[in-house]
Student: 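Provided herewith is a single structure, encoded as structure tokens, for subsequent inquiry.
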Amino acid sequence: MDEHEWLTDRFEEQRGRLRAVAYRMLGSVTEADDAVQEAWLRVSRAGSAGVENLPGWLTTVVARVCLNALRSRETRREAPLDVRVPDPIVDPATGTDPEHEAVLADSVGLALLVVLETLNPAERLAFVLHDLFGVPFEEIAPMLDRTPAAARQLASRARRRVRGQAPTPDPDLARQRAVVDAFFAASRDGDFEALLALLDPEIVLRSDGGTARPRLTFVLNGPRAVAGQALASGRLSPFVRPALVNGAAGVVVAANGRPLFVMAFTVADDRIVAVDVLADPDRLARLDLGALDL
């Protein structure tokens, strides 16, 4: 086996982990796959001579590609986004596609990804690599042209924001589903008090309608606001399809085989603490929903 074949095999062994890094960095499966492919092109051209820690080196290459993509994305934005819900990974309610399992390892809920979208590129890289993948700050620092101490500070700043805004979901999927089902039952029945009982006092609902549906881009805070929105949307109940959204209980709202919304729920202590809604028709059309019965 020559060096190129050996390197190809080692890269394929690491592909699942590299996709997981890129998805957390970019919040898009498509962009993550593009970043991993770009990293492979760079790696195949450079070769692995002198590389002692191949998995670490591959992670670094992917992270650099993602950092460039984040900086480019930030430059293209003319104004800050009110809210951006990343591209969700949607599976049937019966179970997660094996291809998605590596990407979703460590329960990367959509609420966490939404908070990561609020970080600047350097903060996001430092937090994702160190806190989620255990990369030492001594290896992160050169990617950012910072000292290890400065990289540590970036990750610490990001960590405080994540802890404050990205709640940890209940690990019991059946309990999650029971709460989500009760939410839609109360919405369908117009039961405002039942809705309030299901919602955490600090609940936040974030909706991203993209450029095509700007009126559906908003943030609601508190049980009464979220319950009111749920009642106003009760007419959509017949179109709700249970699904797993980033490995947690969620739904796809679809009519005539066309997805209208993907809704991710974060449930903790039998109450809903966050709802993240993708309502952008352009991005919904690009999601892989073939395994769902819409």
Student: How long is the gap from CD on Q153 to CZ on F137, to the nearest 0.5 Å?
Tutor: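 Between atom CD of Q153 and atom CZ of F137 there are 10.5 Å.
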Student: Can you spot which of R73, R286, R283 makes a salt bridge (Lys or Arg N to Asp or Glu O under 4.0 Å) with E31?
Tutor: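 When R73, R286, R283 are each tested with E31, the salt bridge (Lys or Arg N to Asp or Glu O under 4.0 Å) holds only for R73.
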Student: If you measure from CD on E123 to CG on L125, what distance do you get to the nearest 0.5 Å?
Tutor: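 Going from CD on E123 over to CG on L125, the span is 11.0 Å.
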Student: Check the pair V262 / V90 against side chain to side chain contact (heavy atoms under 4.5 Å, CB included), numbers first and verdict last.
Tutor: CA-CA 8 Å; V262 171; V90 183; 4.0 Å; yes
Student: Is the shortest side-chain heavy-atom distance between R124 and E117 below 4.5 Å?
Tutor: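 Yes, side chains in contact.
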Student: Shortest non-hydrogen contact from A111 to A274?
Tutor: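 That would be CB-CB, 4.4 Å.
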Student: What heavy-atom pair brings L196 and A227 nearest, and what distance separates the two atoms?
Tutor: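 That would be CD2-CB, 4.0 Å.
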Student: Side-chain heavy atoms under 4.5 angstrom apart, residues restricted to Ile, Leu, Val, Met, Phe, Trp, Tyr: same cluster for V273 and F183?
Tutor: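 Cluster IDs for V273 and F183 differ.
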Student: Quick check: do V275 and M263 have side-chain heavy atoms less than 4.5 Å from each other?
Tutor: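 Yes, close enough: below the 4.5 Å cut-off.
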Student: Is the backbone of G56 close enough, under 3.5 Å, to the side chain of T60 for a donor and an acceptor to pair up by distance?
Tutor: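 Checked: pair present.
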Student: Judged by modelled atom types alone, do S156 and R152 share a side-chain donor-acceptor pair under 3.5 Å?
Tutor: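 The criterion, which ignores hydrogens and geometry beyond distance, is not satisfied for R152 and S156.
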Student: Nearest 0.5 angstrom please: L144 CG to L67 CG, how far?
Tutor: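 Between L144 CG and L67 CG, I get 6.0 Å after rounding to 0.5 Å.
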Student: How about CZ on R177, more than 12 heavy atoms from neighbouring residues, nucleotides or ligands closer than 6.0 Å, or not?
Tutor: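 Counting neighbours around CZ of R177, more than 12 heavy atoms of other residues, nucleotides or ligands fall under 6.0 Å, so yes.
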Student: Heavy-atom distance under 4.5 Å between the side chains of T266 and I272, does that happen here?
Tutor: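 Side-chain contact under 4.5 Å: no.
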Student: More than 12 foreign heavy atoms under 6.0 Å from CZ of R258: is that the case here?
Tutor: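 Atom CZ in R258 is not packed in, count stays at 12 or less.
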Student: Taking Q229's backbone N and O only, do any of them form a donor-acceptor pair with S233's side chain (distance below 3.5 Å, no angle check)?
Tutor: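 Confirmed, S233 side chain pairs with Q229 backbone.
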Student: Considering all heavy atoms of both residues, which atom of V36 and which atom of A22 are nearest to each other, and what is their separation?
Tutor: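 Of all heavy-atom pairs spanning V36 and A22, the closest is CG2-CB, 4.3 Å.
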Student: Quick check on the 6.0 Å ring-centre criterion: do F261 and F239 meet it?
Tutor: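 Centroid separation for F261 and F239: 6.0 Å or greater.
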Student: In Å and rounded to the nearest 0.5 Å, what is the CG to CD distance from L54 to Q14?
Tutor: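 It is 7.0 Å, given to the nearest 0.5 Å.
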Student: If you count every heavy atom of other residues, nucleotides or ligands that lies below 6.0 Å from E13 atom CD, does the total exceed 12?
Tutor: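 Buried by this count: over 12 neighbours within 6.0 Å.
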Student: Does any part of the side chain of L154, heavy atoms only, come nearer than 4.5 Å to the side chain of L119, both counted from C-beta?
Tutor: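 Side-chain contact under 4.5 Å: no.
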Student: Under 6.0 Å from the CD atom of E139, do we count more than 12 heavy atoms belonging to anything else shown?
Tutor: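 Counting other residues, nucleotides and ligands, CD of E139 exceeds 12 neighbours.
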Student: Do R161 and V115 touch side chain to side chain, with heavy atoms closer than 4.5 Å?
Tutor: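 Touching, per the 4.5 Å side-chain cut-off.
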Student: Determine, step by step, whether D280 and R213 satisfy the salt bridge (Lys or Arg N to Asp or Glu O under 4.0 Å) criterion, reporting the C-alpha distance in whole Å, the side-chain angles of both residues, the deciding distance to 0.1 Å, and the verdict.
Tutor: CA-CA 6 Å; D280 181 346; R213 303 167 85 182; over 6 Å; no
Student: Please examine the side chains of V245 and F265, heavy atoms only from C-beta on, and report whether any two atoms are closer than 4.5 Å.
Tutor: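 Not touching, per the 4.5 Å side-chain cut-off.
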Student: What is the distance from atom OG1 of T59 to atom CZ of F133, rounded to the nearest 0.5 Å?
Tutor: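 One finds 8.0 Å between OG1 of T59 and CZ of F133.
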Student: Please give me the minimum heavy-atom distance between A63 and L129, naming the atom from each residue.
Tutor: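 Closest heavy-atom pair between A63 and L129: CB-CD1, 3.8 Å.
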Student: Are V29 and V65 connected in a single hydrophobic cluster, I mean Ile/Leu/Val/Met/Phe/Trp/Tyr linked by side-chain heavy atoms less than 4.5 Å apart?
Tutor: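 Different clusters: V65 never reaches V29 through Ile, Leu, Val, Met, Phe, Trp or Tyr contacts under 4.5 Å.
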Student: Counting only heavy atoms not in N256 (residues, nucleotides, ligands), do more than 12 fall under 6.0 Å from its CG?
Tutor: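 Incorrect, the count does not exceed 12.
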Student: Any side-chain to backbone donor/acceptor pair from D189 onto D191? Under 3.5 Å, distance only.
Tutor: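 Between the backbone of D191 and the side chain of D189 there is no qualifying donor-acceptor contact (under 3.5 Å).
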Student: Looking at every heavy atom in both A186 and A194, which two are closest together, and how far apart are they?
Tutor: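 Nearest heavy atoms, A186 then A194: CB-CB, 3.9 Å.
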Student: Could you check whether any side-chain N or O of S207 sits under 3.5 Å from a backbone N or O of F218, counting only pairs where one atom can act as donor and the other as acceptor?
Tutor: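 Such a contact is absent between S207 side chain and F218 backbone.
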Student: State, with a plain yes or no, whether a side-chain heavy atom of L116 is found less than 4.5 Å away from one of V128.
Tutor: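 L116 vs V128: side chains touch.
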Student: At their closest point, which heavy atom of R271 faces which heavy atom of P201, and how far apart are they?
Tutor: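 What the structure gives for the nearest pair is NH1-CD, 3.6 Å.
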Student: Are more than 12 heavy atoms, taken from residues, nucleotides or ligands other than D269, located less than 6.0 Å from that residue's CG atom?
Tutor: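 No.
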Student: Give, for atom CG of D131 and atom CZ of R24, the distance between the pair rounded to the nearest 0.5 Å.
Tutor: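 Nearest 0.5 Å value for the CG-CZ distance: 12.5 Å.
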Student: Step by step, work out the side-chain hydrogen bond (donor to acceptor under 3.5 Å, both in side chains) result for Y23 and N246.
Tutor: CA-CA 11 Å; Y23 179 59; N246 284 55; 3.1 Å; yes
Student: Does the distance from a Lys or Arg side-chain N to an Asp or Glu carboxylate O, for D208 and R84, drop under 4.0 Å?
Tutor: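 Looking at D208 and R84, the cut-off is not met.
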Student: Is there side-chain contact between L287 and L278, with at least one heavy-atom pair below 4.5 Å?
Tutor: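 Yes - at least one pair of side-chain heavy atoms lies under 4.5 Å apart.
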